[in-house]
Amino acid sequence: ALVAGGAWDGRYAVPSDVPVLSCGATALLGGIANDRAPDLLLADPGGTVRATLGAAGAPVCAAALERLDPAGPDAPENLACTAGTPGLLPP
């Protein structure tokens, strides 16, 4: 999935099978800094945390951070910087 602020306008190509999860009405956290993205905690409607990204440590990426194995752990060895196209890792 791609997590984006509610103001995201879809200007970048996203594969049709990648869901876009909208958070809030504007940019995430008022705009995410390039030096360190926030740790993401995805919770269900009851408030139970179901997934995290970056909580165990993550690289600083120029474009996008992706989990290599979507079902795998939130661990540095399962995270990779990509060119910014969700679901498509570089060769």
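Everything numeric in this text was worked out from a predicted model, so none of it was measured.
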Spacing of OG1 belonging to Thr82 relative to CD belonging to Glu66, to within rounding of 0.5 Å: 4.0 Å

Residues that Ala75 engages under side-chain contact (heavy atoms from CB on, under 4.5 Å), provided they are two or more places apart: Pro73, Glu77

May I have the list of side-chain donor-acceptor pairs in residues 47-56 shorter than 3.5 Å, sequence neighbours left out?
from  : atom 1 : to    : atom 2 : distance (Å)
Arg50 : NE     : Asp44 : OD2    : 2.9
Arg50 : NH2    : Asp44 : OD2    : 2.9
Thr52 : OG1    : Asp74 : OD2    : 2.6

Closest heavy-atom pair and its distance - Leu79, Gly57: CD1-O, 3.6 Å

Under 3.5 Å donor-acceptor, Arg67 side chain and Gly72 backbone: yes

